[in-house]
Amino acid sequence: QKEVEQNSGPLSVPEGAIASLNCTYSDRGSQSFFWYRQYSGKSPELIMFIYSNGDKEDGRFTAQLNRASQYISLLIRDSKLSDSATYLCAVNIGYKLSFGAGTTVTVRA
Amino acid sequence: GAVVSQHPSWVICKSGTSVKIECRSLDFQATTMFWYRQFPKQSLMLMATSNEGSKATYEQGVEKDKFLINHASLTLSTLTVTSAHPEDSSFYICSARVTAPGTEAFFGQGTRLTVV
């Protein structure tokens, strides 16, 4: 079983719509969870992190953590063309971050 | 966020030569840095964890004699790809944490290595 499972997509949404991404993780002891965005040919940049069960909102982004289900998600509201990228979830397992495979999101005009 | 600078951003080298990639934390001290490799359309794969003043910890399947890591100071870690071959062509990315494990990692710009 992979440490972090993420649906690789691709996911295509119209401009202004909501994009929904999700991951599951295997280590129940994981304490911190992250969402990164990666544009083609660039390194990942942090969008959000979440430590507590529930929702965390930052602008158009909402991260959700459900420890009981070992599930994390990211909602992107009012999607913009510039949101087109690959989104990576990451989970702290021990001293390192384990990444999901990434979900490629395309926002179409 | 914290700034991690990686250099060079791209490099082309001949097969059999060695290439050194530098990773610097510019505005914080990084006790631990991480080196990743990413092939096209794949996720980041952790190669090794670099600890200041001690030997790096390599992930299973990563040849430590081929990928030499040095973390001589709290702000600099280097990755040297020795005797590079075309199959080593990839996107190499370093990252560093600001404080203890559990906090977010910040990434360098990445280095695109092409071995011809």
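The backbone N or O of B/Gly108 sits less than 3.5 Å from a side-chain atom of A/Ser43, completing a donor-acceptor pair.
The shortest distance between side-chain heavy atoms of A/Gln38 and B/Ile93 falls below 4.5 Å.
Under the 4.5 Å side-chain heavy-atom criterion for ILVMFWY residues, a single connected hydrophobic cluster contains both A/Phe99 and B/Leu46. In the hydrophobic clustering of this structure, A/Tyr71 does not group with A/Leu75; members are Ile, Leu, Val, Met, Phe, Trp, Tyr whose side-chain heavy atoms approach within less than 4.5 Å, directly or through other members. Transitive grouping of hydrophobic side chains (ILVMFWY, heavy atoms separated by less than 4.5 Å) brings B/Leu79 and B/Val19 into a common cluster.
Neither the backbone nor the side chain of B/Ser95 comes within contact range of chain A, judged by heavy atoms closer than 4.5 Å. Residue A/Glu45: no heavy atom, backbone or side chain, is found under 4.5 Å from chain B. Contact annotation for B/Gln6: neither backbone nor side-chain heavy atoms come within less than 4.5 Å of a heavy atom of chain A.
Note that CD of B/Gln38 and CG of A/Leu88 are 7.0 Å apart. Values are rounded to the nearest 0.5 Å.
When the shell of 6.0 Å around NZ of B/Lys41 is examined, it contains 12 or fewer heavy atoms from other residues, nucleotides or ligands. Around the CE atom of B/Met45, the shell of radius 6.0 Å holds no more than 12 heavy atoms that belong to other residues, nucleotides or ligands. With a 6.0 Å radius and a threshold of 12 heavy atoms from other residues, nucleotides or ligands, B/His7 has its NE2 atom at or below the threshold.
The heavy-atom pair separating B/Tyr36 from A/Leu97 by the smallest distance is OH-O, 3.8 Å.
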